[in-house]
Amino acid sequence: RSADEIEEYQRVSSHVGKGLASIQKELHRMRVVTKTQVENIAIKREVIHWIVEGSCYIQKGSPSFANATYTASPQVQEMMHKKMTSTDTDKAPDFMVALRPHTVWEKTPVKLFCTVDGHPRPIVKWYKGGKPVDPLSAPGKYKIESKYGVHSLIISRFTSILACAVLVFSSVPHLTVIHHSKLEITMLDRFGVSFGTEGGSISLVCTMVVVPDLPNVPPLAQWYRDDKLLKAGKLAEIKVGGGAATLTLPHLAKDDEGLYTLRMWTKDGTTEHSAYLFVKDAAPSVAGAPGAPISVKAFDINSDYVLVAWKPPNTTNEAAITGYFVDKRESGSATWSQCNDAPVQICKYPVHGLNVGHAYHFRVRAVNSAGISRPSRESDKVTALDPAERERLQVIKLDGKHEVVIKDDDLEGYVTLPGEPTDMHASEIFKSYIVLSWKPPSPRGRAPLWYIIEKSVSGTGAWQRINTAVKLQSPRYPVFDLDAGKKYQFRVYSENLYGASEASKPTDPIEKVDEHGVPSAPGQVVATRNTKSSVFVQWDPPKHPNHLMGYYIDASLVGSKTWAPCNHKPYKNTRFLVHGLTPGETYVFRVQAVNVYGLSDESQESTPIAVEPALTTPSAPHGITMLSCDGASMIIAWNSPKHRGGSKINAYYVDKRDADSLAWKEVNSAPTKTRTYTVDGLTEGTFYEFKVQAGNLAGVGVPSAPSTPLKCEAWTSAVPGPAYDLAFREVRGDSLVILWKAPVYTGASAVTGYIVEMAKKGHHYHPLNEEAIGHCYLQVTGLEAGAEYTFKVKAVNAEGVGKASQTSEPVFAKALPGTQEIQCGVDEDTGDIFLSFEACEISETSNFAWSKNYKEISDCTRVSIETKGKHSKLTFVNPDVSDLGAFSVHVTDTDGVSASHTVTEDALNTMLELSYNIRHPIVPLKHQLNYEVLEKGHVRFWLQCLKMSPAVNYRFIVNDKEVTSSDSHKISHDVNTGVIQMTVDHFSKASEATYTVQIHDGRAKNQSSLVLVGDVFKAALKEAEFQRSEHIRKQGPHFAEYLSYHVDDDCTVLLVCKVTNTFSRTLNSTFFLQFSRKDQGHYKAKLSDDRGKDTSVFDISVLSVGVVVKSLPLLFLSGSSASELVLQCTPEGIRLQCYMKYYTEEIRTAWLHKDSKISSSEKMRIAGTAEMAWMQIREPSEKEKGHYSIQIMDATKSHTRTFDLSGQDRGRVVGGLPDVVTIMEQKTLSLTCTVWGDPSPEVTWFKNENEVVSTEHAKITLEANKFASLTITAVTSEDSGKYSINVRNKYGGEFVEITVSVYKQGESPPDAVQKPCLKPQTASNAGVEARWLGKTP
């Protein structure tokens, strides 16, 4: 061997004794695993191929048979201790000779035979009625033999039990049954604390490894809620298989809240896992309504009575519960009915009036001042039956063999009147009601029985029946209508069809009161730390529990007045683990006790407590590696513990030993705070092992596992050593940042970069960067959400790639719940540029570590850091381009809370500009400086700020000279409106200038200028002088409104004016004028008194005459008064007419036919009168059909009126009437025809040109606006004549005439030619052309 091999041999030899025990242990484990695998293979090879059944009948002298079933089943078990020879082949068990039927006499022996075959040799077991036959259970009765492949069962004493029974024998081969306790089960992913909502669904899943894993032999999994076994049903679905046990709750209710336990049978006994499920209230149907009641159950079930009980819901921020409504429904029906008219104030309610034998479900709703809650989960089905009915049954044995069932009624003899009930008492006493109970009478008789109850005010002796309308069949009855403060006595009669019994003994005086009331408040509440999201709460029970049901626990953030429920179902113990809290927040807790009367007062609040893990010692460090060695010392490093124990780790202790020694030696007596340590005093060439312990406030934790043996040998490699201390930051669903520390050993030259390798779970490592990166961090993107990854880092120098670092801890690409990113902004008050971060969780020992380009910022004058609670803020001091880069923060002593933000040049410039504006603010202006001329000729200069403080300062400057407030220049401001103004009383030529306002409001400044020179100034001066003269004019009487004209409805032109400031009142002066062209000229009105005078002139010239004329239709007589076009028939043809209030030829009108303008002609003449415009169409023909319209134009708009002369939808008769009708007297005449028109036409009947009115004798009908009839009953000669029908709508119509002749009986009918239907005549005298016109004059 070489020297190195000899050294290795010596080192291994020294470890032989130490490693022998571990080798033997591993060998034993391998043997167990191998045996288990062999057993699994053997079990899986067991099969069943044949099932053979036979029957055996046993007969007795009388027609009765024995009742029993026997089964013989060969159970296959391979003989694993025998070796299989080359000639042996497996063969499934089979019956060569099966069981056959037998008929035997009772009490005679019988022997059953069967022959089986199979390889390996089958084992035969006998069964009776599906149960194994045990000869020891009945000595001497059964005998089992097996000789030469023939199997027999001898039954020595065969007896019958019941008549007409059949004895069947069957032989069935069975596999070896593997009991659940033979399985080895290891739970993997276990369900944790879960949260659900009413009406939702949830699944609790636990994955596992089952050995052996047989599809036909699933493990036995039992689910418990609060130690009560759950059964599969519509409210709980249980599945086991596929390596998982699943409990699904498809319809969550608060009744489902509790501690769930999965218990499984294993080879070593049982294994189980438990976790709590919280179910919160669903959103209420009405805001502020309480939650639904819980645990509705029915008790004391009788034939027409049941007592319903429930638990009250928790109320934190809702109004107190004032009562409950109880609903019921019959099983099979979906209709709920309310049982109580008024809310019951306790959590019990007796429901009576049920139908005997019917099944019911119940539910409860809570009521408060805001409304009614959602209904509770319905109760289990209960059937209204008398429980005493079964007690009245007796079983009598005859000859020790037969049993006879009889009722107590059969033993009473012939009883007519029942006895009196006994033991009358009150089983439930509350303010709301009293439940009376008694024992049924004995004897009671065979006739149907009911009860009569009477009450009496104690001491009066006067009895009153209280169930007059109800026949009670149960010995229970609730009484509601009792007066408070009075004591009552009760008695009961039993009654049947023969009469009533004597009254029972009266009860003692009973008063309707609540005996107990709500419990007293619980005692001291103490909260202690548990985990980073849970707190352990315990409290003292109330001094007066008063039939306590449980407790409700509430939590509130410190400083908040809002309480949230921690549990939603009363909890029975005085200790509770509150889950779902926000890590790092501080809470207080309170507790309320619950009983049938409701909730107690709240307990005192607990001491505030922060949600932090309980303080324990840290777990063991791990990942010990060597960073460098010089032959006499080593530098080692390790990873921090996975669990810090709720406190900051402040010490590490290192131990060492020679690889060939069992004794450990302390390396550092003084603790080190870093995770690297230089171990001195080593012997070169020796192998050493190291272990590390971590310490915190709770003490020193367990030591790490020993490192692999590390050889103390000087490193001389030219490539770098391994990087170390790999850590992860900013882990998200698709990215993360990996950080590491540079290698301690750099090799022959300096480290120039790093190569990072990554491997997804189940995949090989691959490099992430082709070129070496020069910094000790890398952002990795493109990850698969939820996948598991590991990393390695290799340092690079000029000589090559160095040794890979130790593999990192596995990391999942998944962000922590509630993770937030860094926010960058500018402070609105100070203008500081900042980076802000809020952590989703912290601990008491957490610190916010800020970094730039992943180098920690410490004692840097360019930034300041402020941290408060979960919030940390980094503020830049005089930021510039040197502050560009990636800023990151991570929160220590958490599960990796971190984030980063890159400050770019563009973003920095934007923020610097905003910062400058904030630090050098301006007063924002809504309106710049402006002016307006007021009455009296005053001029007001003003501007308006968006906001202004009361401490605002400002000044007006005119031509570079400040103007102060005086009588001629009044200066003021209004803080509410932000207006600053200066009013100049006398605005003259000297006021031409540039006006400026300078404003100072705190640090904000602004100014605004107005140049009032040149034409702009002249216009302002002219307006000021006009307003000044107007003010002087209005000092005496003057015209408020100057002369103007007004046209009345009757076309009278009025000249009007309005005079004011007279001695009496304001006057309206009117001058009437029948206007015409001769009235043109100048009209003047003068007004004067000793205070002054005023004049108004109105000029009506030739031009203005036209204006007035044009204004007549504009103001009053325009086309807006025009009516719709109407049709008028004339001897020359037809006329379309449009009526209006006033019409002259000067009004512009236009007539159109099919959108083409019509000019007045001999065929179509256009004209009008004073009240109408019309168009005459002479001798209309088919081409004049179509759409006509008139347009009336005024000064602003056009008015159009239309008429449709298409004639397609006029009223008409489409058939059914003859020209001549002859009929005998006393017969019935029916004239019926079909009419048509759109819109539906009006129908009128005439006789001899006189309208016919519908009577009993002559009845007129119109069915469906289509069939018109005239029916004359018992016609006489007076009914003869000329009849006609007029069918008409707005588009026109037509007449049809019929001649009716009535002849007497016995006469011959007059000669007449009956035509089927003649062409109808039109309703107009205008000839054939008028038929399509429709409308007549």
Can you tell me how far apart CG (L615) and OG1 (T528) are? Round to the nearest 0.5 Å.
12.5 Å
Checking side-chain contact (heavy atoms from CB on, under 4.5 Å) for the pair N530/V535: CA distance, chi angles, key distance, verdict?
CA-CA 5 Å; N530 185 59; V535 168; 5.6 Å; no
F728 vs F791 aromatic rings, parallel, tilted or perpendicular, using cut-offs 30° and 60°?
tilted
So does D227 have more than 12 non-hydrogen atoms from other groups sitting under 6.0 Å from CG?
no
So, T790 versus Y765: side-chain donor-acceptor pair below 3.5 Å or not?
yes
Between the side chain of R644 and the main-chain N/O of D893, is any donor-acceptor distance below 3.5 Å?
yes
Apply ring-ring contact (aromatic ring centres under 6.0 Å, His included) to residues W539 and Y551 and explain how you reach the verdict.
CA-CA 10 Å; W539 58 91; Y551 301 93; 5.3 Å; yes
Yes or no on side-chain contact (heavy atoms from CB on, under 4.5 Å) for E198 and H568, after CA distance, side-chain angles and deciding distance?
CA-CA 11 Å; E198 276 186 311; H568 307 85; over 6 Å; no
Pair K870 + E585, salt bridge at N-O below 4.0 Å:
yes
Minimum heavy-atom distance E257-L277, with the two atoms named
CG-O, 3.0 Å
What pair of heavy atoms forms the shortest contact from C566 to A555, and how long is it?
SG-CB, 3.5 Å
Can you tell me if D734 uses its side chain to pair, donor with acceptor, with the backbone of L783 under 3.5 Å?
no
Could you check whether any side-chain N or O of H890 sits under 3.5 Å from a backbone N or O of V897, counting only pairs where one atom can act as donor and the other as acceptor?
no
Would you check if the side chain of K254 reaches a backbone N or O of A292 as a donor-acceptor pair within less than 3.5 Å?
yes
Between S735 and T781, a side-chain donor and acceptor under 3.5 Å
no
Pair W638 and Y652, ring centroids less than 6.0 Å apart
yes
Which word best sums up how the rings of F195 and F278 line up, parallel for under 30°, tilted for 30 to 60°, or perpendicular for over 60°?
parallel
R363 side chain to S376 main-chain N or O, any donor-acceptor pair under 3.5 Å?
no
Side-chain donor/acceptor of N567 to backbone N/O of I553, under 3.5 Å
yes
Donor-acceptor pair, distance only, cut-off 3.5 Å: does the side chain of S846 make one with the backbone of T892?
yes
Straight-line distance of R225 CZ to L259 CG, nearest 0.5 Å
11.0 Å
Cut-off 3.5 Å, side chains only: do D554 and N314 have a donor facing an acceptor?
yes
State whether R377 and D256 are salt-bridged, where the test is any N-O pair (Lys NZ or Arg NE/NH1/NH2 against Asp/Glu carboxylate O) under 4.0 Å.
yes
Could you check V594 against K311 for side-chain contact (heavy atoms from CB on, under 4.5 Å), going step by step and ending with a plain yes or no?
CA-CA 8 Å; V594 184; K311 295 178 181 179; 5.6 Å; no
Within the supplied structure, the quantity of interest is the number of heavy atoms (other residues, nucleotides, ligands) at a distance under 6.0 Å from H766 NE2; does it exceed 12?
yes
Yes or no on side-chain contact (heavy atoms from CB on, under 4.5 Å) for I738 and M758, after CA distance, side-chain angles and deciding distance?
CA-CA 11 Å; I738 180 173; M758 179 183 74; over 6 Å; no
So, are E788 and K761 salt-bridged, with charged N and O less than 4.0 Å apart?
yes
Contact summary for R374 and A283, nearest pair of heavy atoms
CD-O, 3.5 Å
Between S640 and H622, the two heavy atoms sitting closest are O-CE1, 3.2 Å
Is there a donor-acceptor contact under 3.5 Å from the side chain of S194 to the main chain of G192?
yes
Rounded to the nearest 0.5 Å, what separation is found between the CZ atom of R732 and the OG atom of S898?
6.0 Å
Donor-acceptor pair, distance only, cut-off 3.5 Å: does the side chain of T617 make one with the backbone of G699?
no
To the nearest 0.5 Å, atom OG of S805 lies from atom NZ of K792 at 8.0 Å
Short question: side chain of S704, backbone of V692 - any donor-acceptor pair under 3.5 Å?
yes
